[in-house]
Peer 1: 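Provided herewith is a single structure, encoded as structure tokens, for subsequent inquiry.
Here the structure is a predicted model, which is why all the values come from computation and not from measurement. Atoms within a ligand are numbered from 1 in the order they appear, just like the ligands themselves.
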Amino acid sequence: MNEKQILMIPGPTSIPQRVMNVLGNPAMGHRTDEFSAIIKDVTEKLKKIYRTENDLLLLSASGTGSMEAAVCNFVSPGDKVVVMENGYFSNRWANINRVFGAEVQVIEGAWGVPADPKALADVIAADKDKRVKAVFVTLNETSTGVTHDIPALRNACGDHPAIFVVDAISGMGVVPLETDAWKLDVVVSGSQKAFMLPPGLSFISVSPKAWALHKECKSPSFYFSLSAAKKEYDDKSSTPYTPAANLISGLQESLLMLEEEGLENVQARHRSYRSMIRAAVKALGLTPLADDAYASTAVTAVVKPEGLQVKKIVNTMKDKYNIVIVGGQGKSSEDIFRIGHLGYVTKSDILATVASLEMTLTELGYPCALGKGVAAVQEIMLKG
Ligand SMILES: *Cc1c(COP(=O)(O)O)cnc(C)c1O
């Protein structure tokens, strides 16, 4: 029997039935007025979530496609760029930039703490001849459960001419972000996180300052050419190549759901999930990797109890309780497990996850008082 699963990973996230119904609609012609109207509608709604009046373009690719677009459309071979690296995904910025021949200065920080605005300010201040073309940061580091202080990092760059690029793939929608007010030049996000869709779509906003840099850019791009995407959108509310049309229709439905709930309420709901999961974990005597002050509302990384194996925790949760959580990534894969709590997550998902985690840990030999984590969640739920 294919048992019902609860997906508690930081993407792909669960898909609401309403969205599934739309995803299952018959194929549509993607060069029709009808479909152009859908593209226009989702683009306008995404701009509201991005809090921007900049151009916003849809790419049919997973989030990394937009990350690549954010490099190859702006960074030329030999350009100097700065990457704030505090986790697996922020490291991807460095890797993509190297592929395109950039000279990458990585400001490395520990995994599990926020990127240091002072370190960035020092590098920017030292760049007297303004060689740095772009600064790359991450809103929500999914591998560690840390939300970085984007306004502070942006302020560290002051009026330096470098563009400021943000990976908001797992944060957009659930973590507050102000593209225009914070002067963020390029912001990328993806469909399978807070947008409650399958993977395969990503979104990228581009400021006028970034377009100016794009004009001089010497790196090659074709599928990910943002000027090609902009031209088709501006002229015809369309895309240069066949878009993932069913996903875009599904996006229209999921954006409607977010609009109905209200962005403020969506974010408040995620804050309460964060409180619940963290309270539960602490009640069980475990330690979240990130401190309360900068803990993500999308995902919580938990330090593995001494003597247990991450793989066993993850497998027991899935095999016995049909709850999917995940281990760490890269160098922290064996040290932490991660519980995603973003997107289409309900209170009962949180309760089931915590209850199953208690049983899992107990079975694996970690002495944890059954019900203690659940009680911590219930107390918060009753208050809310
Ligand atoms: C999921 C994620 C990505 C990668 O996106 P893909 O859709 O897997 O390409 C990049 N950055 C962050 C912060 C993410 O959470």
Peer 1: Just by distance, no angles: are the side chains of D180 and T52 close enough, under 3.5 Å, to form a donor-acceptor pair?
Peer 2: yes

Peer 1: Taking atom CZ as the centre, does F35 end up with more than 12 heavy-atom neighbours from other residues, nucleotides or ligands that are less than 6.0 angstrom away?
Peer 2: yes

Peer 1: Who passes side chain to side chain contact (heavy atoms under 4.5 Å, CB included) against M20, sequence neighbours left out?
Peer 2: I15, Q17

Peer 1: What does the list of residues with a heavy atom under 4.0 Å from ligand 1 look like, ordered by chain and number?
Peer 2: S62, G63, T64, M67, F89, R92, N140, T142, D167, I169, S170, Q192, K193

Peer 1: Who are the side chain to side chain contact (heavy atoms under 4.5 Å, CB included) partners of V314, not counting sequence neighbours?
Peer 2: V310, I325

Peer 1: Could you pull out every donor-acceptor pair under 3.5 Å between side chains of residues 247-254 and any protein atom, sequence neighbours left out?
Peer 2:
from : atom 1 : to   : atom 2 : distance (Å)
S249 : OG     : A245 : O      : 3.3
Q252 : NE2    : D41  : OD2    : 2.9
E253 : OE2    : R18  : NE     : 2.8
E253 : OE2    : R18  : NH2    : 3.0
S254 : OG     : F195 : O      : 3.0
S254 : OG     : L251 : O      : 3.2

Peer 1: Are there over 12 heavy-atom neighbours, none belonging to K130, within less than 6.0 Å of that residue's NZ?
Peer 2: yes

